[in-house]
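Side-chain atoms are counted along with the backbone in the values below, which use heavy atoms only and exclude waters and symmetry mates. Computed from a predicted model, the values in this text were never measured in an experiment.
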Amino acid sequence: MSRVVLVTGVSRHLGSRMARILSYDPQISRVIGVDVVPPREDIGGVEFIRADIRNPVISKVLSSTGADTVVHMGVISTPVQAGGRAAMKEINVMGTMQLLAACQRAESVRHLVVKSTASIYGSGPKDPAMFTEDTQPRSLPQSGWAKDSVEVESYVRAFARRRPDVGVTTLRFANFLGPKADTPMSAYFALPIVPTVLGHDARLQFIHEDDGLEVIRLATVDGHVGTLNVAGDGVLMLSQAIRLAGKASIAVPGPMVGLVGGWVRQSGISDFSAEQIRFLTYGRVLDTTRLHERLGFTPRFTTAEAFADFVQHRGLHYAISAERVESIERGLARALGTATKVEAQIASTLRVADHA
Amino acid sequence: MPDATILPFSDDGSRARRSLSSVPMPEATPAPDPADYVEPDFEALSQGQPTGSGALAQVNDVVADWLDFLRRRVTGDYVVDDFGFDAELTDRVLLGAMRPVYDSWFRVEARGLENVPAEGGALIVANHSGTIAFDALMTQLALHDHHPAHRNLRMLGADLVFQTPFLGEFARKAGHTLACNPDAERLLADGELVGVWPEGFKGIGKPFRERYKLQRFGRGGFVGTALRTRTPIIPVSIVGAEETYPNLGNIKPLARLFNLPYFPVTPIFPWLGPLGLIPLPSKWIIEFGEPIHTDEYAPGSADDPMLVFNLSDQVRESIQQNLYRILTERDSVWK
């Protein structure tokens with residue numbers, strides 16, 4: 001069967017990469033990329049249609065191309081990308097509503113894949129340590145991207161009820177990180193000094209962009225239906241991630257966090273929404289059993305490896321490099337007269353790093 | 001140098017290495033390839049064997065161990081589990097700070113450790129007392145240091161713990177999690193030792209005149225969890241904790257002001273200020289009782305509320321009876 005796939009949000013990095021990957025698939029004859037602005041990256045054999053999913057034009061695109069699969073990647077995560085929070089909400093919520101309305105009319109559509117986010121679970125002290133796909137969140141997100149995504153998912157569920165013949169896949173991703181993806185977390189770790197919440201250390205999970213796109217590809221091609229959590233295995237503590245990146249950080253007392261978040265937001269470097277602050281306070285860990293068992297997929301990068309790859313490719317500013325720490329340790333060891341053993345330990349650590 | 005000064009060091013060193021090997025590190029240090037090392041000493045060293053002999057070499061090993069630990073801390077080179085449990089930090093720092101308290105201040109006597117299985121899930125259920133949860137920390141330390149399998153106790157705590165700055169962070173790093181069914185079942189299914197204090201704040205904050213009288217056991221949720229995961233329940237009776245901070249009164253307005261479940265008044269707190277926070281040096285006995293097995297009940301029996309209530313009562317009775325027995329056996333609160 002030759003298939004026609006429509007991908008939304010192709011002007012941005014992940015969307016355009018996804019469209020390109022799908023265009024190489026032998027089962028897929030046509031890939032149509034849709035977005036408001038043309039993609040910055042080369043999208044190879046993908047046909048680009050300049051259309052705004054916020055207006056009914058998208059319906060014409062669907063009927064004229066006869067697409068059988070729609071991959072919705074048009075939900076954006078930071079106001080910086082959209083040019084303001086209002087525009088962001090418009091694109092995310094209204095865009096999804098229009099797209100789903102068009103899909104409901106289009107007889108040809110058989111499968112819908114939605115790139116959602118684990119931030120719909122919120123984060124708080126009353127949540128269980130790990131979220132399964134069925135966990136009822138205790139603290140629904142009140143702002144930003146996460147709130148948009150909660151609304152997007154509710155429209156997707158309504159669509160699934162109205163078109164039971166369409167297989168719907170909702171993928172709830174942990175934060176994307178990788179050499180290129182621009183996400184709230186990549187902007188956060190790129191700050192010159194990373195602000196953290198005093199007295200809290202969040203548990204974080206990341207998904208490498210290569211793995212994330214592979215999951216979307218598998219869901220699109222194999223047609224798995226249902227909701228899946230997607231995250232790299234393992235957990236990093238926020239403090240640990242900051243140390244791995246060799247960043248300087250500053251712990252901000254709870255009552256002042258909102259203020260600092262406001263400064264960061266206004267500077268336009270990074271989105272620092274209330275939801276993001278809650279995430280950086282309490283963290284969030286996903287149970288990815290379903291990803292492993294039902295989709296049969298194990299991410300190639302663990303959370304720690306995805307983070308390491310991100311740090312390496314972004315050339316993050318190292319305030320504290322591993323080499324400097326080692327040289328300090330050597331100095332201390334010499335002063336204390338345990339130089340030989342310390343050398344051996346450093347050597348064994350380096351060997352581990354080389355093997356990884 | 002007398003031998004006595006050497007022994008504690010070597011003990012400490014081996015404990016540190018043991019905990020390292022128990023950390024589930026996917027990229028565990030590969031066996032060193034002799035060709036990579038010019039100096040023959042290195043191979044032995046990286047396997048953690050002391051080189052020289054005598055006290056100086058021992059001290060050097062400990063210093064090098066700590067330097068290694070600190071370097072990996074600063075560079076983020078360590079592993080935490082999905083719950084945020086940092087086994088190495090817990091062993092070295094959190095429990096390390098508690099060891100002198102355990103050994104010298106409370107002189108804890110851990111009995112019946114053989115009732116705790118060496119592997120697999122089990123639910124530790126204990127009485128809660130003493131205003132500050134030292135009893136939980138001492139139980140964790142007893143199981144970690146004195147059980148032959150050096151088991152980590154993963155406790156279930158109130159949500160108040162996890163929303164409090166610092167406390168919540170330390171609790172997660174020490175391996176504890178929120179008291180809720182999904183977390184308890186996940187830990188037990190993973191073969192972990194889970195600790196619950198079903199009396200909660202009612203137990204730990206009760207007045208001194210009610211010492212060693214068990215409070216209501218919550219809703220018995222822990223029994224349901226044990227039944228569903230078919231893990232044994234081990235009743236634990238802790239004697240000594242009640243006398244650490246004799247709670248004579250509760251200043252409710254202050255408790256409300258600081259958002260605390262209670263604001264205790266003890267013979268020395270708040271009168272002596274921070275000094276009043278020093279616990280009285282009572283002699284402790286932690287007794288791990290006979291396990292109550294749950295695997296003989298049919299699957300689905302967790303949905304039988306009568307069975308759950310009965311089992312909950314059985315556990316409560318067992319702890320209470322053991323408390324009374326230990327109290328009659330003890331000669332003095334202080335020794």
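Proximity of Phe166(B) to Leu198(A): side-chain heavy atoms (C-beta onward) are separated by under 4.5 Å at one or more points.
Ile242(A) does not touch chain B: none of its heavy atoms, backbone or side chain, sits under 4.5 Å away. Only the backbone of Asp127(A) comes within contact range of chain B, judged by heavy atoms closer than 4.5 Å. Of the two parts of Arg172(B), only the side chain, counted from C-beta on, holds a non-hydrogen atom closer than 4.5 Å to a non-hydrogen atom of chain A. Only the side chain of Thr132(A) comes within contact range of chain B, judged by heavy atoms closer than 4.5 Å.
The list of salt bridge (Lys or Arg N to Asp or Glu O under 4.0 Å) pairs with a residue in residues 222-231 of chain B, not counting sequence neighbours, reads Glu185(B)-Arg228(B). The list of ring-ring contact (aromatic ring centres under 6.0 Å, His included) pairs with a residue in residues 190-209 of chain A, not counting sequence neighbours, reads His200(A)-Tyr282(A), Phe206(A)-Phe307(A), His208(A)-Phe301(A).
When all heavy atoms are compared, the tightest approach of Val235(A) to Asp81(B) is CB-O, 3.8 Å. The two atoms that bring Glu169(B) and Gly199(A) nearest to each other are OE1-C, 3.2 Å, heavy atoms only.
Taking Val161(B), Leu178(B), Thr177(B), Asn181(B) one by one and counting their heavy-atom pairs under 4.5 Å with chain A, the maximum is reached by Leu178(B).
Counting heavy atoms of neighbouring residues, nucleotides and ligands inside a 6.0 Å radius, atom NZ of Lys126(A) does not exceed 12 of them. Within a 6.0 Å sphere centred on CG of Leu254(B), heavy atoms belonging to other residues, nucleotides or ligands number more than 12.
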May I have the list of side-chain donor-acceptor pairs in residues 255-262 of chain B shorter than 3.5 Å, sequence neighbours left out?
from: Tyr262(B); atom 1: OH; to: Thr131(B); atom 2: O; distance (Å): 2.6

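We find the CZ-CG distance between Arg203(A) and Asp82(B) to be 8.0 Å, quoted to the nearest 0.5 Å.
Against chain B, the residues from residues 284-296 of chain A that qualify, each with a non-hydrogen atom under 4.5 angstrom away, are Val285(A), Asp287(A) in number order.
Judged by distance alone, with hydrogens and angles left aside, the side-chain atoms of Asp183(B) form no donor-acceptor pair with the main-chain N or O of Pro128(A) at under 3.5 Å. The backbone N or O of Tyr78(B) lies less than 3.5 Å from a partner atom in the side chain of Gln240(A), making a donor-acceptor pair.
Ion pair Lys173(B)/Asp201(A) flagged as a salt bridge, since at least one NZ, NE, NH1 or NH2 atom sits closer than 4.0 Å to an Asp/Glu carboxylate oxygen.
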